[in-house]
Every structure is written in structure tokens, then in C-alpha cells.
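Here the structure is laid out as C-alpha cells; the discussion comes afterwards.
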Amino acid sequence: MPELPEVETVRRSLEPFLKGVAIRTVAIREPRLRRPVADNFAELLTGRTIAKLGRRGKYLYLYLDDGNIWLIHLGMTGQLLVEESAGELLPHDHVLVFLGNGRRLRYNDPRRFGLMTIGTAAEIDEVTALGVEPLGRAFTSRYLWEKTRGTRRTIKDVLMDQRVVAGIGNIYASELLFRAGVQPSRIATTLTPAAVERLVEATKAVLREAIRHRGSSISDYRDGEGKRGGFQDRFRVYDREGQPCSKCQSRIRREIRGGRSAFFCPRCQR
DNA sequence: CGCACCCCCTGCCGGC
DNA sequence: TGCCGGCAGGGGGTGC
């Protein structure tokens, strides 16, 4: 579920409740996430204060007052919610963190594809192994040009490779490719410099617009206060197979590769 | 090295 | 109504 815009929205919505706040107690109800939550997880967290909240790609970085980082990935169905401490528990509430301000942070994740770990900056970087931030200065047409040379991969695969650029998932890959006028199945190395430039511009524009609309809620994505996003109402191609293209009225198509659907307009995208 | 394929896990939806 | 297959925003491993 959550790609960069959703994780950024979660970060912003949690910040007022978590920044500068102490961690009182931690309860692990189900440690079996993508990787098991470590035995010393609660011990490393208890008594710490959250200095600030950051984000890299689809990962949340919670900086602790002892220099460690609490890393959280939401997988497909993960939710982080701040609530009153006495709230009722639900199925798939795997981790509870009780805070010094009387609130509770609840991690719910039905599919358990999420990840939660604590480590030094170097250890965390090794876990995430991320490329540049798409909204940062380092993501330029020159950078993407170099990453698309001499490969047989499709442009969608390159854009979704977190080691190249961090945070683009299946929704925003389809949306930005539409905006740039490039077919998902296009072999990356055949792109012209102009097309690469359009892709970088489209990436930044789509991600910024999605953040402005607080992300996309298809089924279960919610921000830190349980609120839905609004960008799903602005999809141009994603999940719109058979519907008319907003520019040319051609039918939007869906193609599957690597088990993932790509949505595109066969006329507007080349 | 790239890539096709499978896996992890639960829930939902459509077809029969 | 119930069952079954397909599919879902994530990442990772394997064998070719």
C-alpha cells in the first residue's frame, strides 16, 4: 500500500504526537513480521525519547535520543495510529507503544509484510539500501540517464528499483509514466534525453501532488490519525483498465509483468 | 547481472 | 449460499 506519499503523510501526521515524546512501555503481541521483531526490541525502546521523525523512500526513521534509529516499513497493509491509551484492540495489532503523553501508538498489519527494527545509522542504511530521494536534488535527469544506460530492463522496473530511486511503488510508477508519456514496458536504455527529463519532472510533480492530497487510500491506507487520503480520486491510469483516457479517450490498458499490473494509455504513452 | 518465477500473509471480490 | 481462483500498495530469494 504505502508508497512515498503515504509514508510522508504518515510521518507528518504522527510528528505532533511523537516528536520529543518519551516511550514508557512496549508490547509485542506478534513478532512475526517480514523479519521477526528482535528479542531486545522493547528493551532498546523503553525509556528513550523520540527526537525527530524522518523518512527515506517508503521507510519511516524515528531518531531516538541515544543515537539509534527506530526503522519502520509498512509493507502493503501496515498502519501506524496514535490514539488514547485505553482504546480497544483489533485483530492484527502487532505492536503497541505507550507514550509519555498518555497516548498509544498502535501498529496494525494484517499481511505482516511490514518491518520494525532498531539500529545505528550504519546498520539501518544496510537494511534499507536505498537510492536517491526522488524529491531531492540528487534525482536529476543526468542521474536517471546514467541509470538507464546499458540495461535491458523496462523503465517501470528501473523506477521501482529502490536502490536506484527510493519510494516509487506500483501506483505512482503507472501515474508518473502516464504523465511523462512513456509506456511502462519501454526498455529503459531506448529512452531519449528528452523523455528521461520528462520522467524526472513527472516523478517529482506526481509525488508532490499526491503528498498534497495526503496520499492514496484504495482500501486500507490511513494516516497516523486514521484519516483517508484523497489522491485515489485523481488517478489517471492506475486501476482504470477499460476506462477512457482523460486526454484522448482511448481505453486504458493493463499489462502484467513480474506479477504486478501496469496501467497505461496505449495512445498517449510510447 | 538481469529476469522470470515463486514465496511470504490475509482479505476481498467476482464468477460459478 | 459457498467455494475457489485471482488479485492487492511491499520486499526477497532462487535458478537459469
Side-chain angles (χ1 to χ4, degrees), chain A residues 1-11 29-37 55-60 71-80 90-95 107-117 124-131 134 146-177 184-190 206-207 210-211 213-223 228-235 237-242 254-263:
Chain A
M1 156 230 313
E3 306 181 30
L4 187 152
E6 289 75 35
V7 179
E8 178 60 21
T9 302
V10 170
R11 188 194 71 76
R29 305 179 72 239
E30 172 56 86
R32 293 175 301 164
L33 305 185
R34 189 167 101 211
R35 289 162 38 168
V37 178
R55 179 197 54 75
R56 280 277 282 131
K58 304 171 192 172
Y59 286 90
L60 273 174
L71 181 76
I72 302 173
H73 192 284
L74 302 174
M76 290 273 248
T77 53
Q79 290 184 14
L80 273 176
L90 298 168
H92 313 300
D93 283 339
H94 304 316
V95 179
Y107 179 69
N108 184 285
D109 184 1
R111 293 177 76 178
R112 290 191 273 117
F113 288 170
L115 178 75
M116 211 176 274
T117 191
I124 294 304
D125 284 347
E126 201 170 320
V127 171
T128 59
L130 296 173
E146 281 166 12
K147 295 297 183 185
T148 54
R149 295 307 93 189
T151 176
R152 292 292 301 162
R153 306 171 77 188
T154 65
I155 184 59
K156 180 166 182 273
D157 286 344
V158 172
L159 289 167
M160 287 178 65
D161 184 341
Q162 304 299 302
R163 294 164 303 180
V164 174
V165 51
I168 300 169
N170 211 34
I171 292 176
Y172 296 105
S174 279
E175 290 298 314
L176 77 89
L177 284 162
S185 57
R186 178 83 173 266
I187 301 301
T189 202
T190 69
V206 166
L207 294 178
I211 291 170
H213 290 275
R214 306 177 53 84
S216 306
S217 290
I218 295 175
S219 60
D220 46 17
Y221 162 70
R222 298 292 184 275
D223 76 4
R228 292 171 58 86
F231 193 71
Q232 67 281 359
D233 298 330
R234 308 178 81 85
F235 288 164
V237 288
Y238 185 82
D239 205 18
R240 297 200 58 211
E241 183 183 20
R254 179 169 78 110
E255 266 177 17
I256 302 171
R257 42 173 55 239
R260 298 244 132 86
S261 295
F263 298 87

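Chain A is the first sequence line, chain B the second, and so forth, proteins listed ahead of strands; every chain is numbered from 1.
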### Task
Between C:dG2 and B:dC9, how far apart are the C1' atoms? Round to whole Å, please.
23 Å

### Query
Is the shortest side-chain N/O distance from A:Tyr221 to OP1 or OP2 of C:dA8 below 4.0 Å?
no

### Query
Can you check the A:Glu175 CD to C:dG9 C1' distance for me, whole Å?
13 Å

### Query
If you measure from CD on A:Glu3 to CD1 on A:Ile168, what distance do you get to the nearest 0.5 Å?
8.5 Å

### Query
Counting a pair only when it is Watson-Crick or G-U and both distances are under 3.5 Å, which runs of at least 3 such pairs involve DNA chain C?
B:2-8 with C:10-16, B:10-16 with C:2-8

### Selection from B:dG2, B:dC9, C:dG12 that lies nearest to any side-chain heavy atom of A:Arg34
C:dG12

### Task
Without swapping roles, check the side chain of A:Arg112 against the backbone of A:Arg32 for a donor-acceptor pair under 3.5 Å.
yes

## Note on the structure
A:Met76 atom CE is separated from C:dG9 atom P, nearest whole Å, by 5 Å

#### Entry: Between C1' of C:dG9 and CG of A:Asp239, the distance in whole Å
11 Å

### Task
Considering only atom C1', compute the distance from C:dG9 to B:dG2 and round it to an integer number of Å.
25 Å

### Between B:dC6 and C:dG5 - P atom distance, rounded Å
16 Å

#### Entry: Under 5.5 Å and under 30°: A:Phe113 stacked on B:dC9
no

### Message
OP1 or OP2 of B:dG11 versus the side-chain N and O atoms of A:His92: is any pair under 4.0 Å?
### Response
yes

### Task
Let me know the distance between CD of A:Glu241 and P of B:dC13, rounded to the nearest Å.
18 Å

#### Entry: A:Glu146 with A:Arg149: basic N within carboxylate O range, under 4.0 Å
no

### Query
Whole Å only: how far is the CD1 atom of A:Ile256 from the P atom of B:dC3?
18 Å

### Task
Could you check if a side-chain atom of A:Ile171 sits within less than 4.5 angstrom of a side-chain atom of A:Phe235, using non-hydrogen atoms only?
yes

### Query
When the C1' atoms of C:dA8 and B:dC3 are considered, how many whole Å apart are they?
22 Å

### Query
Is a donor-acceptor pair below 3.5 Å formed from side chain A:Arg260 to base C:dG10, judging by atom type as modelled?
yes

## Note on the structure
The reported gap from OH in A:Tyr107 to CD in A:Glu30 (rounded to nearest 0.5 angstrom) is 11.5 Å

### Message
In this structure, how many angstroms lie between the C1' atom of B:dC9 and the CG atom of A:Leu115, rounded?
### Response
15 Å

### Query
Considering only side-chain heavy atoms of A:Arg152, which listed nucleotide, C:dG11, B:dA4, B:dG2, is closest?
B:dG2

### Task
Answer with base, sugar-phosphate or nothing: what part of the nucleic acid does A:Gly169 contact at a heavy-atom distance below 4.0 Å?
sugar-phosphate

#### Entry: B:dC5 to C:dG6 separation - P atoms, rounded to the nearest Å
15 Å

### Task
For A:Tyr59, answer base if it contacts any base atom (sugar-phosphate contacts may also be present), sugar-phosphate if it contacts only those atoms, and nothing otherwise; contact means non-hydrogen atoms under 4.0 Å.
nothing

### Query
For DNA chain B, whose closest nucleotide is more 5', that of A:Thr154 or that of A:Arg32?
A:Thr154

### Query
What nucleic acid atoms does A:Ser261 come within less than 4.0 Å of, heavy atoms only: base, sugar-phosphate, or nothing?
sugar-phosphate

### Within-4.5 Å side-chain heavy-atom neighbours: A:Phe231 and A:Thr9
no

### Query
Atom CD of A:Glu3 and atom P of C:dG9: how far apart are they, to the nearest Å?
8 Å

### Message
At 4.0 Å (heavy atoms only), tell me whether A:Arg254 reaches a base, stays on the sugar-phosphate, or touches nothing.
### Response
sugar-phosphate

### Query
Are more than 12 heavy atoms from other residues, nucleotides or ligands located less than 6.0 Å from atom CZ of A:Arg163?
no

### Query
Is the backbone of A:Gly131 close enough, under 3.5 Å, to the side chain of A:Arg56 for a donor and an acceptor to pair up by distance?
yes

### Side-chain-base donor-acceptor pair under 3.5 Å for A:Arg111 and C:dA8
yes

### Task
Grab the CD-P distance between A:Gln79 and B:dT10 for me, whole Å please.
17 Å

### Query
In terms of side-chain geometry, is the basic nitrogen of A:Asp161 or A:Lys147 positioned less than 4.0 Å from the acidic oxygen of its partner?
no

